[in-house]
Structure formats: C-alpha cells, structure tokens
S.K.: 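My structure is below; once you've seen it, I'll send some questions.
Labels below follow one simple rule: chain letters A, B, ... track the order of the sequence lines, proteins then strands, and each chain is numbered from 1. Model, not experiment: these values are computed from the prediction.
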Amino acid sequence: MSADPSPHGTLPKARTGISGFDDVTYGGLPAGRPSLVCGAAGCGKTLFATTFLVNGATLFDEPGVFMSFEERAEDLSANVASLGYDLDGLIAAGKIAVDHVRVERSEIEETGEYDLEGLFIRLGFAVDTVKAKRVVLDTIETLFAGLSDAAVLRSELRRLFGWLKDRGLTAVITGERGEGQLTRQGLEEYVSDCVVLLDNRVEDQITTRRLRIVKYRGSAHGTNEYPFLIDEQGISVLPVTSADLTYDVSNDIVSTGIESLDAMFGSGGLYRGSSVLISGSAGTGKTTISGHIIEAACVRDERCLSFVFEEGGEQICRNARSVGLDLQRHVDAGLLRFEAARPTLYGLEMHLARMHRDIEQYRPGLVVIDPISALRGPEVELQATLLRMVDMLKTRGITAVFTSLRTDGAFGQSGDLGLSSLMDVWIKLQDIEANGERSRTLYVIKARGMSHSNQVREFQMSASGLRLVDAYIGPAGVLTGTARVVQEAQEQAASLRRRQEAERRKRDVTRRRLAIERQIAELQAGLEAAEEEETLLLGEDARRETLLESERGDIARRRSAAE
Amino acid sequence: MSERISPAGDPVSDEDGDPGNYHLRLYVAGQTQKSMTALANLKRVCEQHLAGRYEIEVVDLMKNPQLAAGDQILAIPTLVRRLPAPLKRIIGDLSNTEKVLVGLDIRSRDAGTL
C-alpha cells in the first residue's frame with residue numbers, strides 16, 4: 001500500500017509517539033517516505049529511531065523492522081532497555097524484527113561485479129515476516145566503510161530508498177554528522193523528504209540536547225531548535241509554547257492558607273491560575289508561606305508539584321513541621337510531589353523540558369518553584385526560559401508560586417524589572433531591624449485584578465502556623481517587635497490613665513453636687529424653721545389680739561355692769 | 001532448495017580432518033546474469049584447482065530468504081567457503097580468478113606445498 005498524498009489534502013503522517021515531536025511536526029514523520037535523522041556521535045539517533053519503531057508497534061499497531069549495521073541485536077535490546085523498552089518481548093511477539101548486517105572488510109574479497117540484492121532480500125523477508133509498516137536503517141553509512149565500490153553502493157542505496165517508497169514503508173535512516181554537510185556520505189541527496197538534525201551542545205560545562213527540523217517537504221513544521229531529554233522515561237521534546245497570550249482565565253479564588261493574608265486581598269485570596277512571586281532575602285519566610293499555600297491546596301484535594309533547587313523535599317517537610325504544617329501526609333497520599341535538582345545539574349532548557357514533562361504527567365493544580373533565583377544563566381536566556389515557564393503554566397490554568405531571593409524582582413545584575421512584570425501577585429517579605437532585633441514584615445506590592453491592602457504587616461511564625469499582626473505605624477515609622485510591644489504597653493498605660501482621670505473627675509463632680517445639695521437642704525431647713533417661727537409669731541400675735549379683745553370686752557362688761 | 005554438485009562417487013564428509021575437502025556455498029538471487037556468470041566461473045575454478053575435493057551448494061535466496069541472515073549475506077552473488085575453516089566470503093561474479101583463489105585460500109596440490 002503506497003502512501004498517495006492527495007494534492008488537496010495534507011500529507012499523511014506517521015506519528016512517532018515522541019511527546020513534543022509530533023507537535024512540532026504537526027503529526028509526525030511523513031508516512032511512506034524515508035526520513036533522515038543525523039547528528040554527531042552520541043546524540044541519540046539510535047534511541048530516536050528505536051523509539052519510533054517501538055511506539056509504532058505498541059501504540060499505533062504498525063509493526064517494524066530494525067536493520068542494524070552497527071550494533072548486534074542483543075546489544076540493541078540491552079541499550080534500549082534503559083529507556084524502559086522491552087525489545088526482546090516485542091520481537092518474540094512478532095511485532096518487531098531486528099536484523100544485524102555485519103560488514104567486515106577483512107572478510108570480504110571483491111572479485112567482480114555485484115549488487116546489494118542480499119540486503120534487499122533480507123529486508124524484504126523481515127518486512128514480510130512481521131508485516132511491517134516502519135523500517136529503521138541504522139547506520140547505513142557503515143556500508144561505505146566495508147565495501148570499496150562506492151559507485152555501486154550509491155546506486156544501490158538509491159534503489160533501496162525507491163524500494164522503500166514503493167512499498168509505502170515509513171523509514172528512518174540515521175547518519176553521522178559530516179564536516180560541512182549533514183551526513184558524512186551525503187545521504188541527504190537521496191533521503192530528502194524530511195531531515196531531522198540532533199545536536200548535543202556543551203555550554204558552560206552543561207550539556208543540552210537540541211533537535212531541529214532542517215527540512216520537511218510538503219508540510220509546515222516548527223523551525224527552531226527544540227531541547228529534548230533522554231532519560232529513563234524515554235525521549236521527550238519540549239515544543240515551544242504558544243506565542244500568543246490567549247489562555248482561559250478563571251474567576252475562582254483560592255486561599256493562601258493564611259487567613260490574615262487572604263484578608264489582605266480584596267477578593268479574599270488569589271485567582272486560580274495566577275502567578276505569585278514571593279520575594280525576600282534569606283530567612284524571611286518565603287518557603288514557609290509557600291508551604292501554607294501548598295497545604296491549602298492539598299486540603300482542597302488538588303495535586304501540588306514543587307520544584308526545589310536548594311533543599312530536598314524531606315527537609316522542607318521537616319522544616320514545615322516546626323510551624324505546624326504536616327506536608328508529609330500529603331506526600332504519602334500522593335497529592336504532593338517534590339522534584340529536587342541542583343540548578344547547575346542541567347541547562348536552563350533542560351530544566352524547562354523536565355518541568356514540562358513532569359507537569360504533563362502529574363497534572364498538578366499548583367506548582368511551586370523555590371527559588372527561581374537559583375537558576376543561573378545569561379539574562380536574556382533566563383527571561384526567555386521564565387517566560388515560557390509562566391506561559392506553560394498559564395495555558396494549563398495552574399496556579400504558580402515562585403520564590404525569589406532578589407528583593408527588587410529582577411533577574412540579573414542590571415536591575416531590570418523583568419521577573420516581576422510576568423507575575424500577577426507580588427508579595428514582598430522584609431525583615432525590619434530596630435532596637436537590636438529583626439522582625440518579619442510583609443506587604444503586597446501588587447495584585448492584578450483586585451484591590452489589596454497597602455499596609456505593612458508584621459507576621460509571626462509559631463508552632464501553630466503563620467499569623468499576621470498589625471504593625472504599629474507611629475510618627476517615627478513602622479514599629480515592630482519589642483518596640484511595638486513597648487509602644488502598645490505605653491498606649492495601654494496612657495489609656496488607663498485617661499480612664500482613671502475621667503473617673504476621678506466624674507467623682508469630683510458628684511461630690512460637689514452632693515455638697516451643694518446638702519447646702520440646699522440646709523437652707524431649706526432654715527427656711528422651714530423661719531416659716532415655723534413666723535407662723536408661731538403670727539399665732540402668738542393673733543392670740544394676743546384675741547386676749548386683748550376678750551379682756552377689753554370683759555372690762556367693758558364689768559364697767560357696764562357696775563353702774 | 002539447494003543443489004549439490006560434487007564429483008560423482010565422492011561421499012560428502014564434513015568431519016574430514018583432510019584440509020583438502022572444500023565445501024563452498026554460493027548465494028544467488030534468482031537466475032540473474034551475475035548469478036549465472038558466478039556459477040559458471042565457480043565450476044570452472046573448482047574443476048581446475050580443486051578437482052575431486054570440492055562440493056558446491058547453491059542457495060537461491062529468492063526461494064529461501066530466511067537463509068540470508070544466517071551467513072550475513074549482503075551482496076549478490078556471494079560465495080562462502082564453509083570448509084575448511086575459517087569462514088571466507090567472496091562477493092562478486094568471480095570473474096577475477098586471482099582474487100577468487102586468494103579469497104578461497106586455495107593451494108593447488110599439483111603446484112606443491114607453500
């Protein structure tokens with residue numbers, strides 16, 4: 001069955017199953033055509049080709065044939081076992097056939113005309129045995145070392161690729177990088193439908209593997225260099241993430257795990273999918289705050305993935321216990337995973353590729369990168385890497401927490417405010433030194449999309465967690481720590497005094513009032529006494545008058561009677 | 001199927017300690033020009049230099065493709081000297097007799113020992 005690309009349709013493609021590669025090529029390698037994978041020694045060509053074949057057999061139901069010109073079949077099986085592929089099992093199941101073609105120059109004497117029909121027969125036999133749709137030839141250039149007649153070889157190779165195309169087999173040909181050309185023997189003349197170049201560059205003692213699609217006839221493809229990883233999980237390519245800034249936004253609010261910190265945000269927490277920067281110098285509590293955020297997320301049953309560059313995961317769990325956070329139980333429950341790596345272990349691209357791969361597999365709802373300032377490299381690269389990291393997280397709607405040692409939110413020495421502009425929320429931690437002690441404060445510099453408190457808040461860490469207290473802002477500035485406590489005590493004393501003062505005055509007034517009332521009572525009594533006297537006097541007067549009257553009357557009667 | 005050509009009467013004996021007995025296998029792919037030429041050349045050389053102590057086996061890979069991998073056959077035609085050990089491989093249509101003799105390491109009995 002030959003692959004006949006219709007003139008109006010897209011080119012049919014054979015998926016490789018290599019994560020990221022199929023994205024970059026928009027579907028995989030061209031089906032029914034030979035593709036060239038070239039690179040220097042040790043770039044991963046054989047592993048790439050083997051992955052293509054194994055995935056074809058296991059994932060896409062396309063059996064394959066591996067014609068190896070360099071390694072023996074058992075060596076090949078052992079080598080790819082490190083990627084987790086069971087080549088022997090697939091061979092036994094009849095899904096893959098491996099044929100080792102040994103070309104030993106000392107064994108061969110050329111005595112006349114010949115052609116390479118033997119190779120065709122072997123390949124044809126193997127293809128027919130497993131009904132293969134995929135073929136790998138690795139590395140066909142060894143034939144040039146074994147056989148001396150280059151003209152015959154080249155014409156036979158041309159015939160071979162035509163033979164592969166006629167049968168509609170998707171083939172991967174590997175070739176060694178040559179000086180000034182893509183392959184040493186110039187295979188790119190014959191195999192030019194798709195050329196993939198693998199590169200293994202060492203910069204600053206760090207190796208980065210890169211992949212580039214040099215040419216892909218008949219299809220659009222990503223043209224940049226993409227870093228890729230080879231480790232025990234196989235090959236994964238990191239595709240460049242979306243260049244435009246379109247991603248879904250969420251209106252959900254997630255808590256930071258610290259109530260008083262949530263209260264500093266107008267909406268009561270952080271937007272899901274936002275990026276948070278916690279910056280502060282050493283020892284200010286960045287990891288502790290991120291520990292609280294992790295705890296809050298795990299309690300909500302969200303998975304958390306924490307990339308740590310300075311401490312190991314177990315150490316962080318132990319340290320978190322001192323503030324009353326039990327992160328170990330989340331690790332045991334599978335909700336929390338720590339990926340620890342020294343920053344100098346890989347190049348920036350590799351860190352990004354690893355993170356991408358881990359995030360793809362684990363699907364967390366929260367990612368913590370602690371600290372981002374540990375990554376080293378030229379500033380331009382750092383910014384590009386970070387941009388892609390934030391992009392990758394935002395596209396998936398993952399809330400991201402970054403901690404940084406740099407207090408000005410910059411990358412490198414020039415102080416350019418690069419990092420902070422990528423972040424939605426910026427919390428700055430600062431230790432205030434006064435009166436011979438340091439107190440911890442934090443404040444929210446920015447929180448996109450919501451109002452936030454502009455107060456500097458002191459916080460304390462204790463065995464029951466992190467707690468914000470109100471910092472005292474006095475006429476001399478922010479007072480924290482014992483100065484605040486002293487000031488508070490003074491204030492309390494002052495208010496006590498004022499209260500007592502007020503009470504004393506009240507008592508004074510009451511006393512005076514009582515005194516005046518007493519006076520009034522006395523005067524009242526005096527008045528009453530005077531009235532009584534008056535009444536008495538009046539009474540006496542009246543009696544006297546009455547007496548006088550009666551006496552006069554009496555006298556008058558006597559006088560009148562005595563006549 | 002392979003056909004065996006051996007001088008009449010001689011039993012095939014592989015366990016012979018006699019280094020003189022040559023067991024040769026010629027791999028061809030159908031009845032092509034090169035294959036026919038190679039077979040003809042081979043018979044000629046054997047008659048001339050190995051009279052009476054050779055055995056030729058012709059394997060047609062078109063009919064038996066699975067045999068190609070066993071002897072690591074890449075080019076056609078290929079002549080493999082199975083006995084005496086070690087294994088020797090010669091590719092081509094065997095028109096260059098010198099190289100055939102060198103390749104097969106044939107020491108002619110009549111020419112005396114080396």
S.K.: Need one label for A:Val103: side chain, backbone, both or neither, based on atoms under 4.5 Å from any heavy atom in chain B.
M.R.: side chain

S.K.: Distance-only check: which donor-acceptor pairs under 3.5 Å involve side-chain atoms of residues 96-103 of chain B, not counting sequence neighbours?
M.R.:
from	atom 1	to	atom 2	distance (Å)
B:Asn96	OD1	B:Glu98	N	3.4
B:Asn96	OD1	B:Lys99	N	3.3

S.K.: Does A:Phe52 have A:Arg134 sitting over its ring (NZ/CZ under 6.0 Å from centre, angle to axis within 45°)?
M.R.: yes

S.K.: Would you call A:Asp138-A:Lys45 a salt bridge at under 4.0 Å N-O?
M.R.: no

S.K.: In terms of heavy-atom proximity below 4.5 Å to chain B, should A:Asp99 be classed as side chain, backbone, both, or neither?
M.R.: side chain

S.K.: Is the NZ or CZ atom of A:Arg159 both under 6.0 Å from the centre of the six-membered ring of A:Phe120 and within 45° of that ring's axis?
M.R.: yes

S.K.: Does the side-chain contact (heavy atoms from CB on, under 4.5 Å) test come out yes or no for A:Leu119 and A:Met67, once each step is laid out?
M.R.: CA-CA 10 Å; A:Leu119 178 61; A:Met67 294 290 280; 3.5 Å; yes

S.K.: What parts of residues 73-82 of chain B touch chain A if we use heavy atoms and a cut-off under 4.5 Å?
M.R.: B:Ile73, B:Leu74, B:Ala75, B:Ile76, B:Pro77

S.K.: Does the A:Glu110 side chain pair with the main chain of A:Ser148, one donor and one acceptor, at a distance under 3.5 Å?
M.R.: yes

S.K.: Salt bridge between A:Asp61 and A:Lys133, side-chain N to carboxylate O under 4.0 Å?
M.R.: no

